[in-house]
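Okay, structure first, notes after.
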Amino acid sequence: MTDSTDELFFTRTGMDRHRIENAVKEALHGADDGELFLEYAQSESLLFDDGRLRSANFDTGQGFGLRAVSGESTGYAHATDLSEEAIRRAGGTVRAVFAGHEGTIALPPTGTNRALYAPDNPINGTPFEDKVRLLQEMDAFARSLDSRVRQVTCSIAGSWQAVKIIRADGQVLDDIRPLVRLNVSVVVGEGDRQETGSHGVGGRRGYDVYMQPEHWQAQVREALRQALVNLDSRPAPAGEMTVVLGPGWPGILLHEAIGHGLEGDFNRKQSSVFAGLTGERVAAPGVTVIDDGTLPERRGSLSIDDEGTPSQKTVLIEDGILTGYMQDRLNARLMGQKSTGNGRRQDFAHMPMPRMTNTYMLAGDHEPGEIIASVKDGIYAVNFGGGQVDITSGKFVFSCTEAYRIENGKVTAPLKGATLIGAGAEVLKKVSMIGNDMTLDPGIGTCGKNGQGVPVGVGQPTLRVDGLTVGGTAA
């Protein structure tokens, strides 16, 4: 792995590795922490819509970001010019943040030889023609399944990111990160009514597995199933009621409403509802929430984070008790803690900050059918679309893309227009039953924070939540 990144960042650019390492040492001398982040990335996306290839994009990018940390202050400079001259200019810029300060560079991350994904480039591994053919076949297959299909939209996207991190203490770390995603959306109609269903999969691997007919056909069938369910849906009721959340992707509510509040920066600044609550009960007994960046080939996983710290499995809430936060190096140091390998950035033009990787709730003891049967009158929320969250308070509004009424312990009519309204800290306390069916999402999550987007994973078992507010459209 190291040889290949040396080829990208030194042989190809003409930079001398020894001189660049010295430039970093000189630029960060006297700082408390910092690093040079080198990046080379390729990405592509193909969109097939309404029977034709609508767009095909390919992009190559490169650049560096140099960061110097002094106390709570950070100096950051970045450029697309991979040259010694540009890096030395950046060094002069970031030194302004600690002028007159003589700190001691923080201890380096403890390295590992762990690799959670193969370094192969998915973009180069599959011919362009095969990708177009895949999207054509997905379109034709969807239309062959049901005469009510009116429109099919398919897309495939891949990226390949190589990074090299050079610290002032001379430590050099490398990572090569593949990422792919396959999506399909189906519109069905009867008369004047139209409804949509969508599904996607992805992960840190090549395209091969997703191009197998048994795999992509399953994605098409799932998107069509959701669309047909919605075609038969009726307006959702409104009010406070019992809500059963399905396994897997509904964990996005956990990610947004609770996960962000457990990131180190919000807690250091006392702007999270969870600030200062370590060791206290913040959720119902049985609720255990974990952030785990070590799951092989998962979308949110990282062999090392964007500061060079190996990702890890971090228990955030254990049996309802808050046990810790997700940390990058800066916030961990200021809070007297250790980095948990959650320092992430969108690319070289952005500074790292604490971000989630794969965040999920552990399974409980109840059968999913038992949970449904326990509800006399409520909502079963299976899939979510968009939502809004106030990270500081944890208050959220989420739209359900697939939901059903529960009546006398049985799932009945599908619902349209259901939204879930609440606050993350309160929702955790209202969990009364936890299923034994914990499932991770299929690999489609992207998390936004402070203008930066990074790939993430979510997951949870079936959950019963008592007294959650449902916004509906029923008269």
Side-chain angles (χ1 to χ4, degrees), residues 235-262 272-274 277 280-289 317 319-322 361-385 387-438 458 460-474:
E240 186 175 290
M241 59 187 70
T242 300
V243 175
V244 176
L245 301 174
W249 179 242
I252 189 64
L253 191 152
L254 177 76
H255 167 104
E256 295 287 4
I258 292 101
H260 280 297
L262 298 177
S272 167
V273 292
F274 296 106
L277 297 183
E280 298 187 21
R281 178 166 297 283
V282 296
V287 172
T288 296
V289 179
I317 298 172
D319 197 21
I321 305 299
L322 180 63
M361 184 186 297
L362 293 188
D365 300 326
H366 295 282
E367 293 289 338
E370 176 191 359
I371 296 177
I372 295 290
S374 72
V375 179
K376 182 178 181 180
D377 183 29
I379 297 290
Y380 180 35
V382 180
N383 276 302
F384 287 101
Q388 294 181 332
V389 179
D390 182 332
I391 293 175
T392 300
S393 66
K395 293 181 179 179
F396 63 82
V397 178
F398 271 91
S399 301
C400 300
T401 56
E402 182 182 0
Y404 303 84
R405 191 70 185 266
I406 302 176
E407 298 174 288
N408 297 316
K410 295 183 179 180
V411 176
T412 58
L415 301 175
K416 179 179 176 64
T419 59
L420 303 185
I421 305 166
E426 296 305 314
V427 168
L428 287 181
K429 295 175 182 177
K430 295 179 178 180
V431 173
S432 60
M433 298 178 77
I434 303 174
N436 59 8
D437 58 342
M438 199 290 287
V458 300
Q460 68 174 40
T462 298
L463 299 176
R464 171 173 164 155
V465 182
D466 294 332
L468 191 59
T469 300
V470 176
T473 55

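- In terms of modelled atom types and a separation under 3.5 Å, the side chain of T419 and the main chain of S399 share no donor-acceptor contact.
- Interatomic distance, CZ of R281 versus CD1 of I321, reported as 4.0 Å (0.5 Å rounding).
- Checked against side chain to side chain contact (heavy atoms under 4.5 Å, CB included), T401 has the following partners two or more places apart in sequence or in another chain: N383.
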Side-chain donor/acceptor pairs under 3.5 Å, residues 373-381, sequence neighbours excluded:
| from | atom 1 | to | atom 2 | distance (Å) |
| --- | --- | --- | --- | --- |
| S374 | OG | I371 | O | 2.6 |
| S374 | OG | R464 | NH1 | 2.9 |
| D377 | OD1 | R405 | NE | 3.1 |
| D377 | OD1 | R405 | NH2 | 2.8 |
| D377 | OD2 | R405 | NH2 | 3.4 |

### Query
Going through the checks in order, is the side chain to side chain contact (heavy atoms under 4.5 Å, CB included) test met by V287 and L463?
CA-CA 10 Å; V287 172; L463 299 176; over 6 Å; no
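- In terms of the side chain to side chain contact (heavy atoms under 4.5 Å, CB included) criterion, D365 has no residue partners (sequence neighbours excluded).
- Residues passing the side-chain hydrogen bond (donor to acceptor under 3.5 Å, both in side chains) test with T462 are D437, sequence neighbours excluded.
- With sequence neighbours excluded, the residues satisfying side chain to side chain contact (heavy atoms under 4.5 Å, CB included) with V427 are F396, V465, L468.
- A pairwise comparison of heavy atoms in I434 and P461 identifies CG2-CG, 3.6 Å as the closest pair.
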Item to check | Trace of the side chain to side chain contact (heavy atoms under 4.5 Å, CB included) decision for L420 with V470 | outcome: CA-CA 5 Å; L420 303 185; V470 176; 4.0 Å; yes
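- With sequence neighbours excluded, the residues satisfying side-chain hydrogen bond (donor to acceptor under 3.5 Å, both in side chains) with E367 are N436.
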Kindly list each side-chain donor-acceptor pair under 3.5 angstrom involving residues 249-256, sequence neighbours excluded, with atom names and distances?
| from | atom 1 | to | atom 2 | distance (Å) |
| --- | --- | --- | --- | --- |
| W249 | NE1 | F384 | O | 3.1 |
| E256 | OE1 | H260 | NE2 | 3.4 |

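- Sorted by first and then second residue, the pairs that involve residues 392-404 and meet salt bridge (Lys or Arg N to Asp or Glu O under 4.0 Å), not counting sequence neighbours, are R225-E402.
- Nearest heavy-atom pair across V458 and G248 is CG2-O, 4.2 Å.
- A side chain to side chain contact (heavy atoms under 4.5 Å, CB included) with V282 is found for exactly one of L262, L322, I258, V273, namely L322.
- For residues 408-432, the salt bridge (Lys or Arg N to Asp or Glu O under 4.0 Å) pairs, not counting sequence neighbours, are E195-K416.
- Separation of atoms CD1 (I317) and CG (L362) is listed at 11.0 Å; rounding is to 0.5 Å.
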